[in-house]
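Worksheet: the structure to be examined is printed underneath.
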Amino acid sequence: MKIIKPLILTLFLIIFIFNLDIVINSTLSASYLFITKVFVSIFPFIILSDILFYFNYDLFLKNVFGNIISKLFNVSKNSSIIYILSILTSHPANAIYIKGMLDNKTINENDANKILISTYYPSIAFVIGTIGIGIYHNIKIGLVLYMITFLNNLLIGVFLRGKDKYIDITYQNKSRLSLQDTLSKSISKAINTSYIILGNIIIFTILVNLLNHYLNINNIILSIISGMLEMTNGIFMISNLNIDTHLKIIITSFLLNFSGLSIIFQTSSILKDYKIDIKKILIVKLIFSLCLYMIIIWLKY
């Protein structure tokens with residue numbers, strides 16, 4: 001058993017060396033994707049979230065939405081800001097917000113796991129703008145896809161709410177940094193988090209392109225596998241397939257709700273200092289995404 005891991009790593013090393021062109025081109029395309037699609041939506045919101053916490057916006061959302069969210073999902077009222085901002089931003093921003101509240105000790109790890117699984121939202125701009133208007137030239141398609149994602153997260157949150165009463169942790173006093181210090185700290189955090197995300201996207205893009213190079217897989221299956229590894233690339237691959245548009249939208253909805261291993265691994269990297277059940281996230285998201293996928297096909301046909 002001890003020799004298996006070195007053999008696998010050696011195999012990967014050989015594959016990478018003999019396919020440097022694929023590795024380099026994948027890195028370039030992943031970096032371009034990151035800069036144009038991911039960084040522009042994630043970076044400013046990491047900074048914005050710290051500024052919102054600085055001005056106690058989380059307390060405002062707790063007072064407005066706390067009772068509804070805590071009763072619906074059986075989590076601390078303090079988590080209201082995570083649910084609201086996750087809907088408005090893009091994953092893995094949910095992990096960033098959760099880490100901030102865990103660092104401040106305003107939610108516990110039990111709540112963090114429940115919140116994390118039920119707040120995987122793609123960017124509204126990406127779903128409605130890029131997919132709906134840009135790819136399918138129909139804003140209604142983008143709206144429907146986003147509403148399905150919202151429903152999926154809602155159902156997961158209710159399903160995992162559990163019977164144990166949540167613990168509403170007494171709000172901790174925040175260190176009163178100056179706004180300038182808060183901005184400086186937020187920018188550093190945003191840069192470090194962005195590097196983690198970029199690294200994950202590059203690795204999964206390389207894997208997808210190597211799969212495409214070595215395996216003679218049906219284009220539809222390859223696109224789905226690619227999307228399950230790295231969601232954004234998979235969705236663009238699906239859009240270029242020569243299949244019925246309705247089927248493209250159904251598969252796209254499945255990929256949006258599963259989120260992709262790249263996103264989930266980014267989450268794991270961001271929350272590496274806490275006990276986050278990644279296996280549970282994978283299983284729950286896969287089951288709910290498949291169930292939703294089957295329901296949509298049944299309704300369609």
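Starting from 1, each residue takes its place in the sequence as its number.
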**Message:** Using every non-hydrogen atom in the two residues, find where Lys285 and Phe258 come nearest and quote the distance to one decimal.
**Reply:** CE-O, 3.0 Å
**Prompt:** What heavy-atom pair brings Leu255 and Gly234 nearest, and what distance separates the two atoms?
**Reply:** CD1-C, 4.1 Å
**Asked** Does a donor on one side chain sit under 3.5 Å from an acceptor on the other, for Asn94 and Ser86?
**Response** no
**Request:** Apply side-chain hydrogen bond (donor to acceptor under 3.5 Å, both in side chains) to the pair Ser226 and Glu230, showing each step before the final yes or no.
**Result:** CA-CA 6 Å; Ser226 299; Glu230 207 293 305; over 6 Å; no
**Complete:** Which of Ile235, Leu247, Ile148 passes side-chain contact (heavy atoms from CB on, under 4.5 Å) with Thr252? It is Ile235
**Request:** Count the heavy atoms of every other residue, nucleotide or ligand shown that sit under 6.0 Å from CZ of Phe16, and state whether that count exceeds 12.
**Result:** yes
**Asked** Does a donor on one side chain sit under 3.5 Å from an acceptor on the other, for Tyr120 and Asn152?
**Response** no
**Asked** To the nearest 0.5 Å, what is the distance between CG (Asn104) and NZ (Lys99)?
**Response** 9.5 Å
**Message:** Applying side-chain hydrogen bond (donor to acceptor under 3.5 Å, both in side chains) to Asn257 and Ser289, what does each step give before you reach the verdict?
**Reply:** CA-CA 6 Å; Asn257 286 291; Ser289 299; 5.7 Å; no
**Prompt:** Looking only at side chains, do Ser26 and Asn209 share a donor and an acceptor under 3.5 Å apart?
**Reply:** yes
**Message:** As an exercise, state the distance from CG of Leu59 to NZ of Lys77, rounded to the nearest 0.5 Å.
**Reply:** 13.0 Å
**Asked** Could you state the interatomic distance from NZ (Lys280) to CD1 (Ile117), rounded to the nearest 0.5 Å?
**Response** 5.0 Å
**Prompt:** At what distance, to the nearest 0.5 angstrom, does CG of Asn78 lie from CG of Leu61?
**Reply:** 11.5 Å
**Fill in**
The side-chain hydrogen bond (donor to acceptor under 3.5 Å, both in side chains) partner of Tyr274 among Asn108, Asp103, Asn113 is Asp103
**Prompt:** How are the rings of Phe150 and Tyr121 set relative to one another: parallel (under 30°), tilted (30 to 60°) or perpendicular (over 60°)?
**Reply:** tilted
**Identified ring-ring contact (aromatic ring centres under 6.0 Å, His included) counterpart of Tyr83 within the set Phe65, Tyr97, Phe73** = Phe73
**Item:** Ring centers of Phe159, Phe288 separated by less than 6.0 Å
**Value:** yes
**Fill in**
Partner of Thr205 under side-chain contact (heavy atoms from CB on, under 4.5 Å), picked from Ile201, Ile202, Leu207, Ile203, is Ile201
**Message:** Do Ile156 and Val284 make a side-chain contact, defined as non-hydrogen atoms from C-beta onward lying under 4.5 Å apart?
**Reply:** yes
**Asked** If you round to the nearest 0.5 Å, how far is CG of Leu160 from NZ of Lys114?
**Response** 8.5 Å
**Request:** Kindly determine whether Ile243 and Lys248 satisfy side-chain contact (heavy atoms from CB on, under 4.5 Å), including the steps that lead there.
**Result:** CA-CA 7 Å; Ile243 58 175; Lys248 289 183 182 181; 3.6 Å; yes
